[in-house]
Amino acid sequence: VALALSGLVHRWIGSAVTRPVLVLTDLLGRIAGRDLTVRMEGKYQGEFASVQASVTQMVDSMGKALAQTMAGATEVAVGASRIALGSQRLAENASEQAATLEEVTASLQQIEGLVAETASTAEGMQEVAMQNDQRVAQGMASMAIPSSMPMPPTTRPTKVTGAMSP
């Protein structure tokens with residue numbers, strides 16, 4: 001009887017120690033496989049109750065840390081997307097400004113050509129005007145009437161004014 005009782009006690013103690021260790025081993029394996037939903041179920045006494053509380057706290061902390069990490073990664077991804085969009089818009093604006101600058105440069109070159117052409121034309125007109133002034137002076141000199149001769153009334157120069165007189 002004592003031997004039978006000793007065997008039962010040994011089995012009961014072995015079961016009380018072995019069962020929680022097997023549960024804990026399975027639980028830790030699942031956690032290692034990234035399953036943070038696992039819990040050490042059941043009612044344990046003594047040291048195993050402390051292990052159960054510690055494992056539950058560890059899994060909860062790991063879950064919170066993972067959630068924070070994922071939230072941070074999401075924020076980084078959103079920020080990177082915004083930066084990429086901003087860079088794309090900046091590049092588009094730079095291209096538009098470059099095209100506008102090319103148009104302005106072309107317009108300025110046309111204006112420069114027109115100014116040069118106008119200056120050349122003005123110089124030519126000035127030369128023609130000077131030649132005409134010389135010809136008029138020569139013509140006037142060749143038509144000079146001596147001052148002793150009276151001028152006929154139709155050839156007398158008249159003074160032109162801005163207003164007409166009656």
Side-chain angles (χ1 to χ4, degrees), residues 21-42 49-166:
V21 170
L22 291 175
V23 168
L24 184 59
T25 301
D26 178 57
L27 182 83
L28 293 174
R30 290 172 56 193
I31 292 171
R34 298 183 182 173
D35 181 2
L36 299 179
T37 62
V38 297
R39 296 291 180 262
M40 193 169 171
E41 302 293 335
S50 296
V51 169
Q52 180 184 27
S54 295
V55 168
T56 300
Q57 184 180 2
M58 177 189 70
V59 171
D60 288 344
S61 294
M62 289 173 65
K64 287 177 186 175
L66 182 60
Q68 289 173 349
T69 301
M70 290 175 65
T74 300
E75 288 178 20
V76 168
V78 167
S81 294
R82 287 181 181 163
I83 289 171
L85 181 62
S87 295
Q88 181 181 358
R89 286 182 183 162
L90 183 62
E92 289 171 0
N93 289 342
S95 294
E96 289 175 13
Q97 287 178 354
T100 301
L101 185 59
E102 286 180 22
E103 290 175 12
V104 168
T105 301
S107 296
L108 288 175
Q109 288 173 344
Q110 287 178 340
I111 290 170
E112 181 183 6
L114 290 173
V115 167
E117 185 178 323
T118 302
S120 176
T121 301
E123 286 176 4
M125 291 174 76
Q126 184 179 11
E127 190 175 314
V128 168
M130 288 173 60
Q131 289 173 358
N132 284 341
D133 282 350
Q134 288 175 354
R135 286 183 188 140
V136 167
Q138 287 172 354
M140 295 283 283
S142 69
M143 293 183 359
I145 301 174
S147 57
S148 60
M149 290 181 64
M151 290 180 78
T154 56
T155 60
R156 241 183 230 156
T158 59
K159 188 174 184 181
V160 177
T161 61
M164 297 179 77
S165 45

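Only this structure's heavy atoms are used, side chains among them; waters, hydrogens and symmetry mates stay out.
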In Å and rounded to the nearest 0.5 Å, what is the [atom1] to [atom2] distance from [X] to [Y]?
| X | Y | atom1 | atom2 | value |
| --- | --- | --- | --- | --- |
| Asp133 | Met140 | CG | CE | 11.5 Å |
| Asp26 | Ile31 | CG | CD1 | 10.0 Å |
| Met40 | Ser54 | CE | OG | 10.0 Å |
| Leu114 | Gln109 | CG | CD | 12.0 Å |
| Glu41 | Leu27 | CD | CG | 9.5 Å |
| Glu112 | Leu108 | CD | CG | 8.5 Å |

Less than 4.5 Å apart, side chain to side chain, heavy atoms only: is that true for [X] and [Y]?
| X | Y | value |
| --- | --- | --- |
| Asp60 | Arg39 | yes |
| Arg34 | Leu66 | no |
| Arg30 | Val59 | no |
| Thr121 | Met125 | yes |

Within a 6.0 Å radius of atom CD on Gln57, are there more than 12 heavy atoms belonging to other residues, nucleotides or ligands?
no

Could you tell me whether Glu92 atom CD has more than 12 heavy atoms of other residues or ligands within 6.0 Å of it?
yes

Qualifying residues under side chain to side chain donor-acceptor pair (under 3.5 Å), relative to Thr37, sequence neighbours excluded:
Asp35

Give a yes or no answer on whether the side chain of Ser61 reaches the backbone of Met58 with a donor-acceptor pair at less than 3.5 Å.
no

Taking the side chain from Ser120 and the backbone from Ala116, do they hold a donor-acceptor pair closer than 3.5 Å?
no

